[in-house]
Each structure stands twice: as structure tokens, then as C-alpha cells.
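Okay, structure first, notes after.
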Amino acid sequence: MFYLSTRGQAPQVAFADMLLAGLAPDGGLYLPESWPQLSPSEMRSFKNTTYGETAGAVLSRLIGDSFAADELAADIASAYAGFEDKRIAPLVEIGPALYLMELFHGPTYAFKDVALQILGRLFARALKKRGGRATVLAATSGDTGSAAIAALGGLENIEVFVLHPKGRVSEVQRRQMTTTPHTNVHNIAIEGTFDDAQAIVKDLFAATDFAHAVDLTAVNSINFARIAAQAVYYFTAAAQFDAPPVFVVPTGNFGDVFAGEAAMRMGLKAEKLVVATNANAIMATALNEGVYAAGEAQPTYSPSMDIQVASNFERALFEAANRDAAYVRAAFAGFAKTRRIDLPDGIRAALAVRYDAGSFDDEKTLAAIARVHAETGRLIDPHTAVGVAAADKLDRKTGAPIVVLSTAHPAKFPDAVKKATGEIPPLPPRLKAMMGAEERYTVMAADKESVRAFIDAKVRAA
Ligand SMILES: *Cc1c(COP(=O)(O)O)cnc(C)c1O
């Protein structure tokens, strides 16, 4: 199995090299050269396999011969050993044929653990085989940073730098990052916004001399290994139903919902993938109106979806354009100048085959939290609530089961939950322990030269 770039100007590479690189050298995103196929009977068998077994079956197809079967099995087992619910992605019925798929039982209580726990282990294994070291650099609006730290903290030959906007992540989110005991993790609080932090990261990746010198790599959802690991829970969920489900996905960077497209391209039957955004509606507008245009990100109760550039849309666009890399290259060259792509009718029609979309503001988010609480006694987090709001709007005449991806534990976002319900979700024990632990981070101006010098010095000293 080889990986190609959506921009068509990078050599094809094996899974392990794709994993270590993150972004393709031509600026595109990696995808499998062709989609492996699972048979209907194998997919039905996932009704009776464990999550780890299903993950092994799906991932082995995408990994090719980069890792042996027993290496993959060992990494899957240890990745999911630390989850508090052994089903990993349990379904919970909250209404007639309406389900939440809880993806937040990992170490940092957001769905990003499901992929990063396995990615971290495969990454360490690939690095050991290749030799050398890696510098992981990420900007975070909250959840990615802690999940990456939980996955990569303490690993050999890897230094991890996480930039978060000072004072703009919740206290729980900040402490999840800054109380790590691992000395290969370096937290930087940037005096600025998430967009400032993200811009520094992008500039440092673009500084190719520096990027090569420190072996810079990315583990955000531009890394296809994340998408691969997230495709697994679409299979485990669909196997529980007789009819193809509708999946409703709270969306920011379009990684999680694209994992649904990946599963469908591997043979999974789903009636629809519903893209649920908050007031930062770039993807809802792209899919409903045919205009992909980045504006100014606005803060909402669901901060992990406060994103104006949905990187993984490039993958969906490549597929919708029948893998026409020249089109994708031209579209993103234009986007770099105008911050806008006008989607041709043929591409809009191809996207509409699998995607529906809607945007839900803070008021609707709180209303969804309140309604689920009133009807079921359950507290849901504001990201999940955006999905529930989208599910409530669906035309349900086909009777298909609806599965809303529940992406974070409510205790990570107590303010919104309290505002909607008057209740404060109890902190799980792991989060409680962290609230008293010592914090370690460096405050820096939003200046890429200072960040670069900091990384340089730390990597040299490591
Ligand atoms: C990252 C995140 C999302 C958005 O996922 P994407 O893959 O970026 O679309 C939704 N909810 C939570 C809690 C997240 O952390």
C-alpha cells in the first residue's frame, strides 16, 4: 500500500514514511493510492469482534507491510488498554433510533485520543526502524495538544512542542497539557490567538531549512494515520444496525467526518454523513452554497471547532474531483491568494452524494444540551451538542438509525454545561488529580523567530 499526494507532485511513499512526514512535500495531503475493500460479510462480522480486533482488520489494510501483524496488534492493545470504557466507542440510545457514539473515554477525554494513542505508538515504532529523531510541532485550541502530549510524552528520540493561545483555553485544557511529567514535552503559551499560534506553526513548516534541520513533523489531522484510526469506529457502529446509519459529526478541521468518507470508500454503507458546524460555518457554507471561503474565526462554546480553514476538505475535494490533482493544486493556489474556492457544479454534486451540512450557533448549542438533559438526565458537551442540534433537524422519514459522534466529555467544558442545565459535570478522577499538579510552560510573544530559537535550543540540548 502506497500513499500519494492530493497535489500530485510528491513521490509515493509507504505508510510508515507517510506517518513520519505528516504533510506531503508538495504541500498536499496524503491518501492511499487506492482504497482497500472490505466485504459485506467481513463488515457484518464486526458486530461480534472487539474494538481492537476491528481496528486490526481495518488498519492492516491501510498499513500494508510497514508493520507486521503482531506489531500492529501489540500497539492497538496497548493504545486502548488505558480507556475507561473497554468498548472504546460505545453507542448510547438517547431517543428513538437516535444514538450517541461516545468517543471520549481515553486519557484526555476527547475523541482525539482514539487516533493519537495508536498513532503515537506506531510513530515511535516507525522512528526506531528508520533511525534518527523527530520534532513534533502543533498549535492547539485545546484538545489536540493534550491528546498529542498524552500519546507522545516520554517517547525516545521525539521532542514535542505545543503552542496554545495564552488565556484562551479552558483551565482544564491548559492543565491537561502543562502538568505532564515528561521532559520531552515543551508547552508554549503564545501571547495571541489560536490563529497567531497556527500561523507560527505554518511558517516554521514552510521554513524548509529549519524543518529539515530539526526533522519537523505534524500529528494533527493532516496526518492520514489519524484518519485511518478514526475510520474504525464508523465500522464498529454500522455493524450494530441492520440498516445503513446516518452519521452526524461535529466538525472543525473536517478530519473526523472525512474518516467517515474513508470508511465508505472502503465499502461501508452509510446513508449520509452530516457535517455539523458551530457559528464558524466554513464547511456548512461550502457544502450548501458551493463557496469555500475563510473568514475570521469567532469564539464559541465549542472551541475545538472554532476553525476557519478546514484542512481535510482538500482530501474530500480530491476525491470529488475524481482524483484530479491538477484541479486541487490550482484550487489551493487560488485559495492561498483569495482565501476562497468556488466549487464547480460537478464537484458540488459529487460531495452532495454523501454529505449534508448545517451550522448551529451558541444558543442552539445550549438548547441541545438542555434538551438532552431534560429528556434523558445525561450531560453532553457543547461539541456533541452541535451534533445533536443537527440531528434534531434531520428529515427522519427513512427511519435510518442516527449516530451522533460524541467528541468530548462534558467535564472538559463545565461553563457551557452549567449555563445550559444549572449543573456542573463531576470531574473524572484523572482530571481531578491534575487540578493540583505543578504546571510547566513558557510564555512567549507571537513571534516566529523566538519560537524557532526556542525549538532549536531544546532540540540541540535533547
Ligand atoms: C477536534 C474536535 C472536533 C472537530 O474534529 P475535526 O476532525 O477537526 O473536524 C470536534 N469536537 C471536539 C471535542 C474536538 O476536540
Side-chain angles (χ1 to χ4, degrees), residues 29 100-116 119 138-151 162 164 169-170 172-173 176-177 194 198 218-231 233-234 247-263 273-284 286-287 297 300-316 355 357 359-360 365 368-369 380-390 404-414 416-417 425:
L29 304 189
L100 296 179
M101 174 156 57
E102 293 184 346
L103 299 172
F104 53 73
H105 296 291
T108 73
Y109 299 96
F111 86 94
K112 292 187 169 74
D113 290 324
V114 180
L116 275 163
L119 181 147
T140 184
S141 56
D143 296 326
T144 293
S146 56
I149 290 167
V162 177
H164 72 265
V169 298
S170 78
V172 175
Q173 288 179 314
Q176 281 188 299
M177 296 188 276
F194 170 72
Q198 182 67 55
V219 298
N220 63 7
S221 59
I222 63 169
N223 195 312
F224 185 79
R226 292 258 311 255
I227 308 291
Q230 288 167 208
Y233 45 71
Y234 287 90
F247 289 100
V248 183
V249 188
T251 293
N253 217 4
F254 211 72
D256 210 8
V257 75
F258 184 77
E261 174 168 346
L273 301 173
V274 179
V275 174
T277 72
N278 63 26
N280 296 289
I282 178 166
M283 278 316 310
L287 294 166
T300 70
Y301 286 130
S302 43
S304 302
M305 292 157 37
D306 293 347
I307 278 174
Q308 278 298 323
V309 176
S311 308
N312 277 287
F313 181 51
E314 179 162 344
R315 292 189 159 110
Y355 293 110
S359 157
F360 302 88
T365 303
I369 297 174
I380 59 170
D381 101 286
H383 303 78
T384 305
V386 171
V388 169
V404 178
L405 276 59
S406 183
T407 50
H409 191 290
K412 286 191 94 165
F413 303 96
V417 173

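Side-chain atoms are counted along with the backbone in the values below, which use heavy atoms only and exclude waters and symmetry mates. First listed ligand is number 1; within each ligand, the first listed atom is number 1.
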What does the contact table look like for ligand 1 (nitrogen or oxygen on each side, cut-off under 3.5 Å)?
from: ligand 1; atom 1: 7 (O); to: Gly255; atom 2: N; distance (Å): 3.2
from: ligand 1; atom 1: 7 (O); to: Asp256; atom 2: N; distance (Å): 2.9
from: ligand 1; atom 1: 8 (O); to: Asn253; atom 2: N; distance (Å): 2.7
from: ligand 1; atom 1: 9 (O); to: Gly252; atom 2: N; distance (Å): 2.8
from: ligand 1; atom 1: 9 (O); to: Asn253; atom 2: N; distance (Å): 3.2
from: ligand 1; atom 1: 9 (O); to: Phe254; atom 2: N; distance (Å): 3.1
from: ligand 1; atom 1: 11 (N); to: Thr407; atom 2: OG1; distance (Å): 2.9
from: ligand 1; atom 1: 15 (O); to: Lys112; atom 2: NZ; distance (Å): 2.5
from: ligand 1; atom 1: 15 (O); to: Asp143; atom 2: OD2; distance (Å): 2.7

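Between Phe254 and Tyr355, the ring planes are tilted. Angles from 30° to 60° get that label.
For the residue pair Asp113 / Thr108, a side-chain donor-acceptor distance below 3.5 Å is found, with atom types taken as modelled. One side chain, Asp306 or Asn280, offers a donor N or O that lies under 3.5 Å from an acceptor on the other.
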Evaluate the side-chain contact (heavy atoms from CB on, under 4.5 Å) criterion for residues Ile282 and Val309: first the C-alpha distance (whole Å), next the side-chain angles of each, then the deciding distance (0.1 Å), finally the verdict. CA-CA 7 Å; Ile282 178 166; Val309 176; 5.6 Å; no
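Two rings, from Phe247 and Tyr234, have their centers less than 6.0 Å apart.
By the side chain to side chain donor-acceptor pair (under 3.5 Å) test, Thr384 is found to be paired with Asp381, Ser406, residues two or more places apart in sequence or in another chain being considered.
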